Peer 1: 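Have a look at this one.
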Protein chains: 2
Amino acid sequence: MTVASLSEDALISQLFAPIAGAGSLDLRDDAALLPAPAGSELVLTVDVVVADVHFFRNDPPGTVARKALRVNLSDLAAKGAEPLGFLLALSLPKDTSLAWITAFSEGLGADARVYGCPLLGGDTVRTPGPLTVSITALGRVPTGYMVRRTGARAGDILAVTGTIGDSALGLRLRLAERDAGSPAGEGAPQEAGWRDVLTPAEQTHLTQRYLLPEPRNAVALALREHAGGAMDVSDGLIGDARKFLRASGVSGDIDLDRVPLSAAVHAAVEAAPELLLAAATGGDDYEVLCSVAPERFGAFQRLCEGANVPVAAIGRVTAGDAPLTVRRDGVEITVEHGSFSHF
Amino acid sequence: MTVASLSEDALISQLFAPIAGAGSLDLRDDAALLPAPAGSELVLTVDVVVADVHFFRNDPPGTVARKALRVNLSDLAAKGAEPLGFLLALSLPKDTSLAWITAFSEGLGADARVYGCPLLGGDTVRTPGPLTVSITALGRVPTGYMVRRTGARAGDILAVTGTIGDSALGLRLRLAERDAGSPAGEGAPQEAGWRDVLTPAEQTHLTQRYLLPEPRNAVALALREHAGGAMDVSDGLIGDARKFLRASGVSGDIDLDRVPLSAAVHAAVEAAPELLLAAATGGDDYEVLCSVAPERFGAFQRLCEGANVPVAAIGRVTAGDAPLTVRRDGVEITVEHGSFSHF
């Protein structure tokens with residue numbers, strides 16, 4: 001059974017209405033309706049993911065849905081915003097199976113509940129191209145409290161949540177497996193040097209982080225309270241740090257040895273030291289990079305850790321408009337490509 | 001030159017930042033920021049259009065952009081909402097020319113100004129599939145005043161704005177031209193019977209209405225003041241009327257002879273009477289169908305006409321859950337497919 005056997009109305013009423021929130025009017029009207037939150041500003045973001053560009057065609061459909069939502073939640077988190085809800089625009093090839101779209105809607109519904117970000121509305125169309133998911137998320141901040149990219153100030157500490165590089169190395173493992181045409185454990189010769197030192201659990205950790213990032217919505221309040229500026233790290237830590245500093249009209253430095261790594265990435269870097277740069281320039285971290293005044297950093301870190309999100313100081317914001325300085329083992333290094341570009 | 005020669009950042013800063021509104025933060029942050037309008041509810045809608053499904057690959061790019069925005073504006077209009085802004089999710093094939101995307105952004109910017117609906121944010125990705133545009137529009141209504149699909153009541157007059165069927169016949173002309181592989185004036189034998197009675201200006205009127213609908217945002221206030229319920233007519237008048245009445249838990253009747261037609265559609269129907277049903281079931285009208293209590297209808301009509309939007313009574317809402325009755329020349333007729341489905 002494919003989606004071709006269902007009308008758009010049936011698809012919506014059977015699969016999406018059950019996971020929709022109060023403002024959705026059961027997805028039966030032309031539009032969603034939501035009270036404008038008093039004393040607030042609205043924070044709005046949109047992200048598109050395309051099969052075979054941003055995810056693998058054979059990824060579990062529930063994780064495709066959840067990642068599509070989570071990359072938007074990550075933008076809201078970095079801005080210090082609380083989620084209000086989202087709209088889903090889905091372009092489906094006609095051979096999409098009902099099983100696929102059912103699992104997709106279930107994954108989406110599960111994350112909508114976990115993150116308190118209900119489905120408010122959507123549109124579903126047929127496409128002759130790859131399956132494409134566009135999600136627009138809506139959040140709120142108390143008026144004047146959105147944490148901007150332009151807020152880094154000389155003297156601030158540069159900090160990052162969670163760990164960096166898991167997803168980039170997870171993607172390399174998945175690409176190697178795909179290219180080798182065989183499941184993990186065989187094939188993938190080009191990554192074998194470091195992959196083989198990882199335990200199976202560590203390998204799974206990396207590939208899972210690619211499939212399912214953990215947006216840091218738990219630190220939205222801490223960011224609003226203490227961060228001068230922030231952005232989400234989606235295109236590679238170093239490239240994103242350059243964007244952050246440029247937007248703020250400042251310079252800065254990052255010490256690669258202080259970039260927080262998971263045990264799996266740490267083990268991989270021990271085996272293949274060049275992977276540290278791959279970790280710091282790969283995409284899909286969905287962590288938060290922020291700037292915090294030194295006198296606030298302790299309080300910020302405690303609030304984050306109280307929310308179960310580790311945060312690490314990785315560098316400093318400095319005056320001027322010189323390019324970001326990157327150091328490793330105390331030595332300044334040159335980083336050509338700081339970002340991964342999906343485009 | 002194609003978009004492949006530009007980074008996503010360059011595309012955004014050169015083509016989209018110049019047309020963006022105040023809340024966009026120059027498209028340089030992770031998200032847009034908008035004051036939550038006091039005393040209001042937010043009205044949210046999203047629509048996707050796909051090349052070769054919803055528009056022709058060789059349509060003028062400015063009209064593709066404008067139609068993608070206008071179909072969303074039409075949803076806001078039907079709900080009685082004032083536009084606040086929109087987010088754009090754009091999936092581009094790598095061979096998209098810079099000329100195409102430049103004309104696209106110019107068309108979008110022109111309509112954003114005309115309709116007071118600024119670009120607030122977006123995402124641009126590469127796709128191996130057809131060019132796909134997803135627009136999420138945000139509007140506001142005074143709290144409690146959104147005009148719903150569920151608001152039709154027995155005794156109300158069913159009314160529709162503008163004229164019906166122009167776009168459906170315009171699409172038939174364009175399909176015939178395409179299939180005949182020749183420009184208008186030659187080919188298109190299957191529509192020749194009625195096409196040939198139309199003046200060139202009338203033919204252009206029809207094809208233009210398909211390319212560029214006129215959303216009825218000018219009557220949003222009149223709808224809030226006087227309509228019990230409303231929806232936008234996008235998938236065919238009769239099918240949409242059925243949805244409207246079903247959502248409201250009522251029945252009703254429509255007199256096809258009262259459905260407002262442009263001079264072009266009128267002439268076509270004179271030549272080929274079966275086209276009246278094609279007009280009343282074809283898609284892409286983007287007019288507003290609404291229900292208005294009889295004692296309010298005069299005031300409603302005056303407000304609409306004051307806004308330069310004609311409105312016509314086409315039937316009645318009745319009690320019960322019987323299917324919509326459709327009459328022509330006083331005789332009840334059966335309509336199998338009341339809607340055009342893009343899906």
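Values in this document were obtained by computation on a predicted structure and should not be read as measured data.
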Peer 1: Contact part of A/Leu84 toward chain B, heavy-atom cut-off under 4.5 Å: side chain, backbone, both or neither?
Peer 2: neither
Peer 1: Let me know if B/Ala230 has heavy atoms under 4.5 Å from chain A in its side chain, its backbone, both or neither.
Peer 2: backbone
Peer 1: Who among A/Leu87, A/Thr150, A/Val43 has the most heavy-atom pairs with chain B under 4.5 Å?
Peer 2: A/Leu87
Peer 1: Working to the nearest 0.5 angstrom, can you tell me the gap between B/Lys243 NZ and A/Asp9 CG?
Peer 2: 5.0 Å
Peer 1: Among B/Pro35, B/Ala38, B/Gly121, which has the most heavy-atom pairs under 4.5 Å with chain A?
Peer 2: B/Pro35
Peer 1: Relative to chain B, which segment of A/Ser134 carries a heavy atom at a distance below 4.5 Å: side chain, backbone, both, or neither?
Peer 2: side chain
Peer 1: Can you name the one residue among B/Leu42, B/Leu120, B/Leu33 that meets side-chain contact (heavy atoms from CB on, under 4.5 Å) with A/Leu42?
Peer 2: B/Leu42
Peer 1: Could you tell me which portion of A/Leu138 (side chain, backbone, both or neither) has an atom closer than 4.5 angstrom to a non-hydrogen atom of chain B?
Peer 2: side chain
Peer 1: Identify the heavy atoms of B/Ala31 and A/Met146 that sit nearest to each other, and give their distance.
Peer 2: O-CE, 4.4 Å
Peer 1: A/Met231 versus chain B, heavy atoms under 4.5 Å apart: side chain, backbone, both or neither?
Peer 2: both
Peer 1: Looking only at heavy atoms and a cut-off of under 4.5 Å, which of B/Pro128, B/Ala32, B/Gly23 has the most pairs with chain A?
Peer 2: B/Ala32
Peer 1: For the interface with chain A, which of B/Ala78, B/Ser74, B/Gly122 has the highest count of heavy-atom pairs at distances below 4.5 Å?
Peer 2: B/Gly122
Peer 1: Using the side-chain contact (heavy atoms from CB on, under 4.5 Å) definition, which of the options B/Asp75, B/Asn72, B/Val48 pairs with A/Asp123?
Peer 2: B/Val48
Peer 1: Just checking B/Tyr145: does its OH atom have more than 12 heavy atoms from other residues, nucleotides or ligands closer to it than 6.0 angstrom?
Peer 2: no
Peer 1: Can you tell which of A/Leu25, A/Asp47, A/Thr127 has the highest number of heavy-atom pairs within less than 4.5 Å of chain B?
Peer 2: A/Asp47
Peer 1: What part of B/Thr132 is in contact with chain A, defined as an atom under 4.5 angstrom from a non-hydrogen atom: side chain, backbone, both or neither?
Peer 2: side chain
Peer 1: Please report the closest heavy-atom contact between B/Arg126 and A/His54, naming both atoms and the distance.
Peer 2: O-CE1, 4.5 Å
Peer 1: Please classify the contact of B/Leu88 with chain A as side chain, backbone, both or neither, using a heavy-atom distance under 4.5 Å.
Peer 2: backbone
Peer 1: Using a strict cut-off of less than 4.0 Å between a Lys/Arg side-chain nitrogen and an Asp/Glu carboxylate oxygen, indicate whether A/Asp29 and B/Arg148 qualify as a salt bridge.
Peer 2: no
Peer 1: Is the number of heavy atoms from other residues, nucleotides or ligands under 6.0 Å of A/Asp321 CG greater than 12?
Peer 2: no
Peer 1: Checking A/Ala89 against chain B: side chain, backbone, both or neither under 4.5 Å from a heavy atom?
Peer 2: both
Peer 1: Do the side chain of B/Thr45 and the main chain of A/Asp30 share a donor and acceptor less than 3.5 angstrom apart?
Peer 2: yes
Peer 1: Heavy atoms, side chains only, cut-off 4.5 Å: are A/Leu34 and B/Leu44 in contact?
Peer 2: yes
Peer 1: State whether the side chain of A/Arg149 and the backbone N or O of B/Arg28 hold a donor-acceptor pair below 3.5 Å, judged by distance alone.
Peer 2: yes
Peer 1: Please classify the contact between B/Val49 and chain A as side chain, backbone, both or neither, with a heavy-atom cut-off of under 4.5 Å.
Peer 2: neither
Peer 1: Can you see which heavy atom on B/Ala36 is nearest to which on A/Ala36, and at what distance?
Peer 2: CB-CB, 4.3 Å
